[in-house]
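Taking it in order: structure first as structure tokens, then the write-up.
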Amino acid sequence: MKYSYVSHLSCPKCSIVYSCDEPQHLCEACGSPLLVGYDLSSLKTDWLKEDLTTRAPDLWRYHELLPVQNKAHVVTLGEGMTPLIRLSSLSKEIGIEPLFLKDEGVIPTGAFKARGAAVGVSKAKELGVEEIAMPTNGNAGAAWSLYAARANIKSTIVMPIDAPKITRNECAVSGADLFLVDGLISDAGKIVSQAVKERGIYDVSTLKEPYRIEGKKTMGLEIAEQLNWELPDVLLYPTGGGVGLIGVYKAFKELQALGWLKNDKLPRLVAVQSSGCAPIVEAWKEGRRESSFWENSETVAFGINVPKAIGDFLVLDAVYETEGCAVSVDDSALLQEQKLAAEKEGTFICPEGAACFAAARKLREEDWIKKGESVVVLNTGAGIKYPDTVDLDVPTLGPDESIPASS
Ligand SMILES: *Cc1c(COP(=O)(O)O)cnc(C)c1O
């Protein structure tokens, strides 16, 4: 049996096929991101879901459906198989039963970007890449620079000066060539594009290399396996570039093709954004297939501060095809949910994940999520990466004071 059943790259817009044995970024004809294809008909006979039972609890347990062909090229920090936690208190409070949290807060580098980085960096190594470059809002740069360090690949990272200090530190400590730009991620992108063109560096900007989706897709594979191949009715995802949502949708379609799923109907996928940056929601409301640039975007959930996603049409397709929807929530609402999740469930989720709870509440109130439907919320990172989003009053005691009677 082969380690990987990867077969080719293809353009979702004009269907041109490319080889996955050489570096390939966007479609040469139309500039679209490319998708990775697998020999699913061979896999269907060669691979049984029972084969998984003896494998390590990380994302490489699905190596047949990942693009790395030689196991020796796998770069791993043990990422994947994060917990799927049932939330019984929040469930009652929001009125959704059962309600599950897929918790990516426990993954290396503190955010689910580790999945895309592990698979993307491994494939880059397989392709003989020695140097990568990318613009980032923080978490992606942190993950890619750390995995690149492990792979002995040089990295150049450009991030807005306002990106969270912690993610800046993660890049810096990895030994990456790190630059701050007094501007937005789109400005960082322009600087990276120029360096890539002039110096021939391998561009790993969001969706400009096809393998990041494959890493993020494993969240969908895990959710299916953790729910014993019975998918939930609804899945909510905090959407920036939308790579995770595209990936999860791709995972479900591939599992469907393999015949592993008990129910044929896919979950309704919900793209959640902040009302301070909601281009996908705006496009969905108007029934469009592509989004427009969102001017002056602003949100505490920096991972979803993406004014124009290069793969927006793929996100919108996934939402339309699963009869899902796109919802935006205010920062104040998501911060409230962040606190509630910690108080009621003991889980310190990131603001992006909290946005999904705010959206779930709204959709349940509107009866878009029906009573009795099962719901999975994706928490994409650890709350501890965002020290400044929690600002609660804490009383201070002198060394000789005691705790006030009222507490
Ligand atoms: C990047 C990021 C997102 C958005 O992910 P996409 O797949 O690009 O939509 C959400 N949450 C966190 C914490 C992130 O770092």
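Order of appearance sets the numbers: ligands from 1, and atoms from 1 within every ligand.
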Enumerate, one pair per line, all nitrogen or oxygen atoms of ligand 1 lying under 3.5 Å from a protein nitrogen or oxygen, stating the separation to 0.1 Å; write 'none' if no such pair exists.
from	atom 1	to	atom 2	distance (Å)
ligand 1	5 (O)	Tyr237	OH	3.2
ligand 1	7 (O)	Lys216	NZ	3.2
ligand 1	7 (O)	Tyr237	OH	2.6
ligand 1	7 (O)	Val243	N	3.1
ligand 1	7 (O)	Gly244	N	2.8
ligand 1	8 (O)	Gly241	N	3.0
ligand 1	8 (O)	Gly242	N	3.4
ligand 1	9 (O)	Gly240	N	2.8
ligand 1	9 (O)	Gly241	N	3.3
ligand 1	9 (O)	Gly242	N	2.6
ligand 1	11 (N)	Thr380	OG1	2.7
ligand 1	15 (O)	Lys113	NZ	2.8
ligand 1	15 (O)	Asn139	ND2	2.9

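- The two residues Phe252 and Gly220 have their closest heavy-atom pair at CE2-O, 3.4 Å.
- Salt-bridge formation is not detected for the pair Arg268/Asp233: no Lys NZ or Arg NE/NH1/NH2 atom is positioned less than 4.0 Å from an Asp or Glu carboxylate oxygen.
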Assess whether side-chain contact (heavy atoms from CB on, under 4.5 Å) is satisfied between Trp60 and Ser122, documenting all intermediate values. CA-CA 11 Å; Trp60 299 100; Ser122 298; 3.7 Å; yes
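- A side-chain N or O of Tyr249 and one of Glu321 form a donor-acceptor pair less than 3.5 Å apart.
- For His8 and Tyr38, the ring centers sit 6.0 Å or farther from each other.
- The side-chain contact (heavy atoms from CB on, under 4.5 Å) test with Leu90 is passed by exactly one of Leu99, Thr347, Leu101, Val377: Leu99.
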